[in-house]
Amino acid sequence: MTSLRLFSARPLVIAALHLPDFGRLRDKSMAWLEDYVVTNARVFAQAGIPYVKLQDQTREAGAMQPSSLAMTAALGRLLKAELPGLGLGIIVEAHDPVASLSIAHAAGADFVRLKVFVGQAMTAQGLRSGMGAQALAFRTALGRDDIAILADVHDRTAVPMSSETAEFAAEWAQKTGADGLILTGADWADSLARIRKARETGIKRPILLGGSVTEGNVREALSICDGVVVSTALMRKDAAPTDILRWDVDRARRFMDAARAGA
């Protein structure tokens, strides 16, 4: 049975730590990437955020390239070694559940996030089909049911290729075996409406809100869902693309203060 450690956090806040696009790196060494990951992960740890999600952003149409997989796994393992008390999740841009789970297995991560878990969706990289069955089979083969699977439902960065409602797709994801669901609408009101409808139709799995969460609205979000994913709202306003430090500890602390008030 999958560990419920992830869902026991109160409040459940996951900070997304976006990695640079490995395919476009020209003048950055592995040492620079290691400094980048540890420096920014420390911001989240110091703010009291319980989980960080290491997010590969390398655009790969098919399976994850071995070099991207190896670099992400190495960075995840380093993060766990440097900050062992910080929970870790993995998401990869490639449509590749085997890569996501392999990285999580090697790095000692607590969860993976999979964007197209059921159904079909058109993405910027092309058509992608649900990877839920493959993900669950590979997790079983690894013997790592303690790695939780968070499944996006009608992720807003893709267009569903069939006409089922978001709540019906959420039921598909629940029945397929996702441990938790991530719902994110086109805007704030749509996100809240999707979560309410999912609950009304009998979704029992934990639901997280996957975007547009801020210090000002996190309390409202946590009043109707089990957790949130945040990133942009915690970034330094003056951060340049080449800076190692991208996230702001004071903004992150204020966010967590607001989240605790709503938990």
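In this text, all values refer to a predicted model and were calculated from it rather than measured experimentally.
Residues Glu34 and Leu78 have side chains in contact (heavy-atom distance under 4.5 Å, counting atoms from C-beta outward). Annotation: side chain of Phe117 is in contact with side chain of Thr176 (closest heavy-atom distance under 4.5 Å). Under the 4.5 Å side-chain criterion, counting only non-hydrogen atoms from C-beta, Phe255 is in contact with Val228. Counting heavy atoms from C-beta on, the side chains of Leu234 and Phe44 come closer than 4.5 Å. Contact annotation: the side chain of Ile182 never approaches that of Asp155 to less than 4.5 Å [non-hydrogen atoms, C-beta and beyond]. Annotation: side chain of Ser68 is not in contact with side chain of Val92 (no heavy-atom distance under 4.5 Å). Between Val213 and Val13, every side-chain heavy-atom pair lies at or beyond the 4.5 Å cut-off. Inter-residue side-chain proximity for Glu93 and Met64 is flagged as unmet; no heavy-atom pair is nearer than 4.5 Å.
In this structure, Leu209 CG and Glu220 CD are separated by 9.5 Å, a value rounded to the nearest 0.5 Å. Annotation: the span from Ile195 atom CD1 to Ile224 atom CD1 amounts to 4.5 Å, rounded to 0.5 Å. Rounding to the nearest 0.5 angstrom, the gap separating the CZ atom in Arg205 from the CD atom in Gln174 is 5.0 Å. In this structure, the separation between OG on Ser129 and NE2 on His95 is 6.0 Å, given to the nearest 0.5 Å. Distance check: Asp226 CG to Ile207 CD1 gives 7.0 Å after rounding to the nearest 0.5 Å. Here the CZ atom belonging to Arg144 is positioned 9.5 Å from the CG atom belonging to Leu101, to the nearest 0.5 angstrom.
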Under the side-chain hydrogen bond (donor to acceptor under 3.5 Å, both in side chains) criterion, do Glu171 and Thr201 qualify, and how do the steps go?
CA-CA 8 Å; Glu171 186 177 354; Thr201 54; over 6 Å; no
May I have the step-by-step check of side-chain contact (heavy atoms from CB on, under 4.5 Å) for Met30 and Met71, ending in yes or no?
CA-CA 8 Å; Met30 191 65 185; Met71 291 170 72; 4.2 Å; yes
Hey, mind stepping through Met235 and Asp248 against side-chain contact (heavy atoms from CB on, under 4.5 Å) and telling me if it holds?
CA-CA 5 Å; Met235 282 186 164; Asp248 186 306; over 6 Å; no
CA sep, side-chain torsions, deciding dist, call: Arg194, His154, side-chain contact (heavy atoms from CB on, under 4.5 Å)
CA-CA 10 Å; Arg194 290 188 187 199; His154 286 189; 3.8 Å; yes
Please evaluate residues Ser67 and Gln65 with respect to the criterion side-chain hydrogen bond (donor to acceptor under 3.5 Å, both in side chains), reporting the C-alpha separation (whole Å), side-chain torsions for both, the decisive distance (0.1 Å), and the verdict.
CA-CA 5 Å; Ser67 58; Gln65 293 298 308; 5.8 Å; no
If you apply the rule side-chain contact (heavy atoms from CB on, under 4.5 Å), what do you find for Val43 with Leu245, and how did you get there?
CA-CA 9 Å; Val43 167; Leu245 180 62; 3.7 Å; yes
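Applying the ring-ring contact (aromatic ring centres under 6.0 Å, His included) definition to pairs two or more places apart or across chains, those involving residues 13-42 are Trp32-Tyr36.
Using a cut-off of 4.0 Å between Lys/Arg side-chain N and Asp/Glu carboxylate O, Asp21 and Arg59 are scored as not salt-bridged. A salt bridge is defined here as a Lys NZ or Arg NE, NH1 or NH2 lying under 4.0 Å from an Asp or Glu carboxylate O, and Asp152 with Arg113 meets this definition. A salt bridge does not link Glu167 to Arg199: none of the charged nitrogens lies less than 4.0 Å from a carboxylate oxygen. Salt bridge Lys197/Asp190: absent, no basic N to carboxylate O contact under 4.0 Å. Remark: Asp243 does not engage Arg246 in a salt bridge, criterion side-chain N to carboxylate O under 4.0 Å. Under 4.0 Å is where a charged nitrogen must lie from a carboxylate oxygen, and between Arg254 and Glu215 at least one such pair does.
When all heavy atoms of Pro97 and Gln134 are compared, the pair lying nearest together is CG-OE1, 3.5 Å. Taking each heavy atom of Gly62 and Ala94 in turn, the nearest pair found is O-CB, 3.4 Å. For the pair Gly227 and Leu222, the tightest heavy-atom approach, listed with the atom from each and the gap, is CA-CD2, 3.8 Å. Among all heavy-atom pairs drawn from Val153 and Ala166, the shortest one is CG1-O, 3.3 Å. Minimum heavy-atom separation, Ala135 to Ile149: CB-CD1, 4.2 Å. Shown here for Gly48 and Met256, the closest heavy-atom pair between the two residues is O-CE, 3.4 Å.
A search for side-chain hydrogen bond (donor to acceptor under 3.5 Å, both in side chains) contacts involving Asn40 returns nothing, not counting sequence neighbours. Judged as a side-chain hydrogen bond (donor to acceptor under 3.5 Å, both in side chains), and not counting sequence neighbours, Gln125 has no contacts.
Side chains of Thr58 and Glu60: a donor-acceptor N/O pair is absent below 3.5 angstrom, by distance only.
Under the 4.5 Å side-chain contact rule for hydrophobic residues, Leu79 and Val38 do not share a cluster. Note on Val116: it does not cluster hydrophobically with Ile91, by side-chain heavy-atom contacts below 4.5 Å among ILVMFWY residues. Cluster membership check: Val112 shares its hydrophobic cluster with Leu86, using side-chain heavy-atom separations under 4.5 Å among Ile, Leu, Val, Met, Phe, Trp and Tyr.
Between the side chain of Asn217 and the backbone N or O of Ser212, at least one donor-acceptor pair lies under 3.5 Å.
Counting heavy atoms of neighbouring residues, nucleotides and ligands inside a 6.0 Å radius, atom NZ of Lys28 exceeds 12 of them.
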